[in-house]
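As structure tokens, the structure follows; a few thoughts come after it.
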Amino acid sequence: MLEDRERFSQTLASWFKHEGRQDLPWRTTRDPYAILVSEVMLQQTQVVTVLSRGYYTNWLEKFPDVATLAAAKEEEVLKMWEGLGYYSRARNLQKAAQAVIENHDGIFPTSPEEVRALPGVGRYTAGAVCCFALGLPEPIVDANVARVLARLMDFHQPVDSTSGIKQLWEWATECVPETDSYHYNSGLMELGQRICKPKAPDCGICPVKNWCTCDSPEKLPIKKERRKTIHRDEHSLYAVSEGKILLHREPERRRQGLWRLPERTSNEIAGLPLAAKMKYSITHYRVTLHVYEITGAKAREDEAWHSLESLASLPMPSPYRRALETVQESFLLQP
DNA sequence: GAGACGTGGTC
DNA sequence: TGACCAAGTCT
């Protein structure tokens with residue numbers, strides 16, 4: 001156990017006040033809705049990615065409050081999320097907004113239990129919203145905090161196992177201070193992000209190195225074995241006719257609402273000219289995507305013709321967006 | 001409780 | 001190139 005938790009918490013909070021990044025857009029607001037948006041965007045996603053194409057500020061410009069988001073079209077919502085991945089986050093965010101309208105009279109809930117009950121809000125996000133927006137002394141454990149705590153406590157069990165997760169949340173709960181939890185929790189995360197990094201941690205400048213009990217930080221945290229990468233081929237169509245392109249709308253719940261190039265079996269594309277070939281990764285798959293040019297394709301279930309002008313406004317996973325660009329560029333080069 | 005879910009960056 | 005990683009949640 002950390003001997004003097006209060007001094008530890010104060011040291012970290014103080015470090016954040018002086019050294020923490022204050023320029024991040026979600027650190028200039030206490031609006032629970034805006035904080036929720038940032039936390040959901042940042043789930044399994046790095047800060048630079050969210051900042052890169054202005055996802056956060058664009059989102060708040062388009063959906064400035066819960067009511068606007070709740071009333072938006074799902075396709076618009078997904079379009080604003082395009083390129084961020086894990087698209088169920090966007091759908092759940094809209095469902096959460098609708099839940100606030102329907103179940104809380106449009107007023108964002110202020111208890112951890114009610115926040116936790118919103119769609120797409122797990123233990124981490126609930127704690128983060130309650131702490132960063134409402135100032136409550138709620139614990140949080142994300143990948144950064146897990147790594148920092150595992151090293152501080154020289155924790156040699158997998159941090160992604162049930163018992164490991166339980167232990168980390170206990171530590172986090174014990175350490176969060178009653179006052180100034182905002183700066184403490186922010187400091188804990190930012191420490192993991194900037195100093196207590198996965199590789200080559202800068203222990204020399206760590207503000208809480210005096211509390212750290214591990215001697216090989218680069219070996220922690222321990223994680224369960226990863227799934228092996230599986231290679232597979234994907235054959236898709238670039239079917240254009242009379243200014244329209246054939247696209248497939250994902251019917252499955254997880255990817256619902258996103259448009260992609262229609263897929264065909266290797267038998268069905270036999271003999272068609274290859275228009276583009278590229279690789280992309282998705283979770284543990286490494287996919288080689290082949291795109292074939294075809295005229296006179298027939299739309300199947302969940303497939304529809306879209307005007308080429310409307311293409312840009314449709315929500316589409318990044319690999320297909322990139323594939324389309326590649327194909328169309330090659331057509332421009334040799335008309 | 002394991003597996004699914006995206007993407008872009010780093011080494 | 002490929003493996004690893006990231007402000008996790010849901011089923």
Side-chain angles (χ1 to χ4, degrees), chain A residues 20-21 24-27 35-53 55-56 78 81-93 95-96 115-133 138-148 158-166 168-169 172 185-194 196-201 218 221-231 250 252-258 260 279-288 315-322:
Chain A
R21 291 186 65 174
L24 299 174
W26 45 87
R27 292 216 170 121
I35 297 289
L36 176 64
V37 170
S38 74
E39 292 303 337
V40 174
M41 280 189 176
L42 288 160
Q43 287 170 4
Q44 294 285 284
T45 308
Q46 298 188 339
V47 171
V48 285
T49 303
V50 174
L51 292 178
S52 63
R53 286 153 62 185
Y55 284 110
Y56 177 75
L78 290 170
W81 206 268
E82 185 178 286
L84 265 182
Y86 286 136
Y87 296 94
S88 60
R89 293 185 292 173
R91 284 192 301 274
N92 281 333
L93 203 44
K95 286 183 196 151
V115 175
R116 173 73 176 80
L118 296 172
V121 176
R123 196 172 177 184
Y124 162 77
T125 304
V129 169
C130 289
C131 176
F132 299 139
E138 290 292 307
I140 53 172
V141 176
D142 71 330
N144 288 309
V145 177
R147 182 171 58 256
V148 170
V159 292
D160 48 3
S161 66
T162 304
S163 63
I165 293 168
K166 185 167 178 281
L168 291 169
W169 276 96
N185 275 333
S186 302
L188 201 52
M189 295 173 70
E190 194 153 326
L191 186 72
Q193 194 193 335
R194 287 177 31 202
C196 198
K197 297 175 290 186
K199 290 170 185 171
E218 68 284 352
I222 311 279
K223 291 189 179 179
K224 289 190 293 189
E225 200 175 344
R226 292 209 150 215
R227 295 201 66 184
K228 266 192 173 176
T229 300
I230 299 170
H231 291 258
E250 301 276 5
E252 198 203 340
R253 206 173 337 181
R254 283 206 181 85
R255 300 182 182 173
Q256 196 176 28
L258 292 164
R260 43 154 295 174
K279 293 189 175 193
Y280 69 89
S281 298
I282 176 165
T283 63
H284 63 292
Y285 293 101
R286 182 72 179 162
V287 182
T288 305
M316 182 175 288
S318 293
Y320 303 105
R321 185 64 71 190
R322 237 181 302 135

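By convention in this document, chain letters (A, B, ...) are assigned in the order of the sequence lines, proteins followed by strands, and residues within each chain are numbered from 1.
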* Structure fact -> DNA chain B nearest-nucleotide lookup for A/His284 and A/Thr49: closer to the 5′ end is A/His284
* Closest-nucleotide ordering on DNA chain C, the 5'-leading residue of A/Gly120 and A/Gly192 -> A/Gly192
* Between A/Lys199 and A/Arg286, which is nearer to the 5' end of DNA chain C once each is assigned its nearest nucleotide? -> A/Arg286
Gap between atoms [atom1] and [atom2], on [X] and [N] respectively (whole Å):
X	N	atom1	atom2	value
A/Gln46	C/dC4	CD	C1'	11 Å
A/Tyr55	B/dG6	OH	C1'	10 Å
A/Gln43	C/dA7	CD	C1'	8 Å
A/Met41	C/dA6	CE	C1'	16 Å
A/Lys279	C/dG2	NZ	P	6 Å
A/Asn144	C/dC5	CG	P	13 Å
A/Met189	C/dG8	CE	P	7 Å
A/Ile230	B/dC5	CD1	C1'	14 Å

In whole Å, measure the gap between the [atom1] atoms of [N] and [M] for me.
N	M	atom1	value
C/dA7	B/dA2	P	23 Å
C/dT11	B/dG6	P	14 Å
C/dA6	B/dC5	C1'	14 Å

Any base atoms under 4.0 Å from [X], or only sugar-phosphate, or nothing? Heavy atoms, all strands.
X	result
A/Val121	sugar-phosphate
A/Thr229	sugar-phosphate
A/Lys228	nothing
A/Ala143	sugar-phosphate
A/Arg226	base

Taking atom [atom1] of [X] and atom [atom2] of [Y], what is their separation to the nearest 0.5 Å?
X	Y	atom1	atom2	answer
A/Lys95	A/Ser88	NZ	OG	8.0 Å
A/Leu93	A/Leu36	CG	CG	5.5 Å
A/Arg147	A/Asp142	CZ	CG	8.5 Å
A/Arg91	A/Leu78	CZ	CG	6.0 Å

Give a yes/no on whether any side-chain N or O of [X] is located under 4.0 angstrom from OP1 or OP2 of [N].
X	N	value
A/Lys223	C/dA6	yes
A/Lys224	B/dG1	no
A/Arg147	C/dA6	yes
A/Ser38	C/dA7	no
A/Thr125	C/dT9	yes
A/Thr283	B/dG6	no
A/Arg322	B/dG8	yes
A/Gln44	C/dG8	yes

* To do: Would you sort out whether A/Glu190 and A/Arg27 count as a salt bridge (charged side-chain N to carboxylate O under 4.0 Å, His left out), showing the intermediate values?
  => CA-CA 12 Å; A/Glu190 194 153 326; A/Arg27 292 216 170 121; 2.7 Å; yes
Counting heavy atoms from C-beta on, name the nucleotide in [options] closest to the side chain of [X].
X	options	answer
A/Arg227	B/dA4, C/dG2, C/dC10	B/dA4
A/Ser318	B/dG1, B/dT7, C/dA6	B/dT7
A/Trp26	B/dT7, C/dA7, C/dA6	C/dA7

Looking at [X] and [Y], would you say the former's side chain and the latter's main chain have a donor-acceptor pair under 3.5 Å?
X	Y	value
A/Arg260	A/Pro317	no
A/Arg89	A/Leu84	yes
A/Glu82	A/Met316	yes

* To do: Spell out yes or no: do the side chain of A/Thr45 and the base of B/dG6 have one donor N/O and one acceptor N/O closer than 3.5 Å?
  => yes
* Asked: Tell me, which of residues 82-91 of chain A have any heavy atom that sits under 4.0 Å from an atom in DNA chain B?
  -> A/Gly83, A/Leu84, A/Gly85, A/Tyr86, A/Tyr87
* Nearest heavy-atom pair of A/Val159 and A/Lys223: which atoms, and what distance? -> CG2-CG, 4.1 Å
Determine all donor-acceptor pairs shorter than 3.5 Å in which one atom belongs to a side chain in residues 119-128 of chain A; sequence neighbours excluded.
| residue | atom | partner | partner atom | Å |
| --- | --- | --- | --- | --- |
| A/Tyr124 | OH | A/Glu39 | OE1 | 2.6 |
| A/Thr125 | OG1 | A/Gln43 | NE2 | 2.9 |

